[in-house]
Amino acid sequence: RRSELTGMGNQLVAKLAFFPPDPAKYAASDVTAFVTTSEGSTIPVLLIKHKNPRFTLLFSHGNAEDIGVNKLFCEWLSDQLKVD
């Protein structure tokens with residue numbers, strides 16, 4: 001019984017703590033593509049291009065975080081590391 005309550009508590013915490021901002025913090029013009037997960041969720045993909053990239057860096061943000069919130073950081077990182 002205790003494990004059932006713990007599981008229910010974890011689900012409640014997840015629903016309250018991990019929710020994406022509404023509305024999204026990215027513009028439709030920022031999105032390069034959308035990826036659909038095996039659970040049916042749709043995730044936006046942003047490709048940040050550098051004029052002369054050394055390689056491509058894949059950045060994965062946190063659970064239920066809006067990639068638009070990290071867009072400026074990712075653009076800065078692209079410039080500093082010279083990566084797409």
Side-chain angles (χ1 to χ4, degrees):
R1 177 89 178 129
R2 182 171 173 84
S3 64
E4 288 177 25
L5 291 175
T6 301
M8 289 172 51
N10 289 342
Q11 289 175 349
L12 178 61
V13 168
K15 286 188 182 237
L16 294 174
F18 301 113
F19 56 92
D22 188 28
K25 303 296 182 206
Y26 58 86
S29 61
D30 294 331
V31 178
T32 305
F34 286 94
V35 175
T36 303
T37 69
S38 59
E39 292 84 23
S41 297
T42 304
I43 301 170
V45 176
L46 307 182
L47 176 61
I48 298 170
K49 300 290 287 177
H50 187 274
K51 62 184 173 209
N52 191 19
R54 297 184 308 168
F55 56 90
T56 298
L57 175 69
L58 178 63
F59 176 81
S60 177
H61 61 81
N63 186 24
E65 186 177 8
D66 187 326
I67 191 64
V69 173
N70 290 320
K71 184 175 180 256
L72 288 175
F73 169 73
C74 290
E75 289 171 339
W76 173 84
L77 191 61
S78 170
D79 186 55
Q80 295 301 304
L81 299 178
K82 297 177 178 46
V83 299
D84 278 347

inquiry  = For a 4.5 angstrom cut-off between non-hydrogen side-chain atoms, does Leu46 reach Phe59?
reply    = no

Mind checking the [atom1]-[atom2] spacing from [X] to [Y]? Nearest 0.5 Å is all I need.
X	Y	atom1	atom2	answer
Thr56	Ile48	OG1	CD1	12.0 Å
His50	Leu77	NE2	CG	10.5 Å
Tyr26	Ile67	OH	CD1	10.0 Å

Per side chain to side chain contact (heavy atoms under 4.5 Å, CB included), Pro44 is matched among Asp66, Val31, Val35, Thr32 by Val31

Legend entry - Joint cluster assignment, Leu57 & Trp76, ILVMFWY side-chain distance < 4.5 Å: yes

Test item: Ser78 side-chain N/O and Val83 main-chain N/O as donor-acceptor pair under 3.5 Å: yes

Applied to residues 28-50, the salt bridge (charged side-chain N to carboxylate O under 4.0 Å, His left out) test, sequence neighbours excluded, yields Asp30-Lys71, Lys49-Asp84

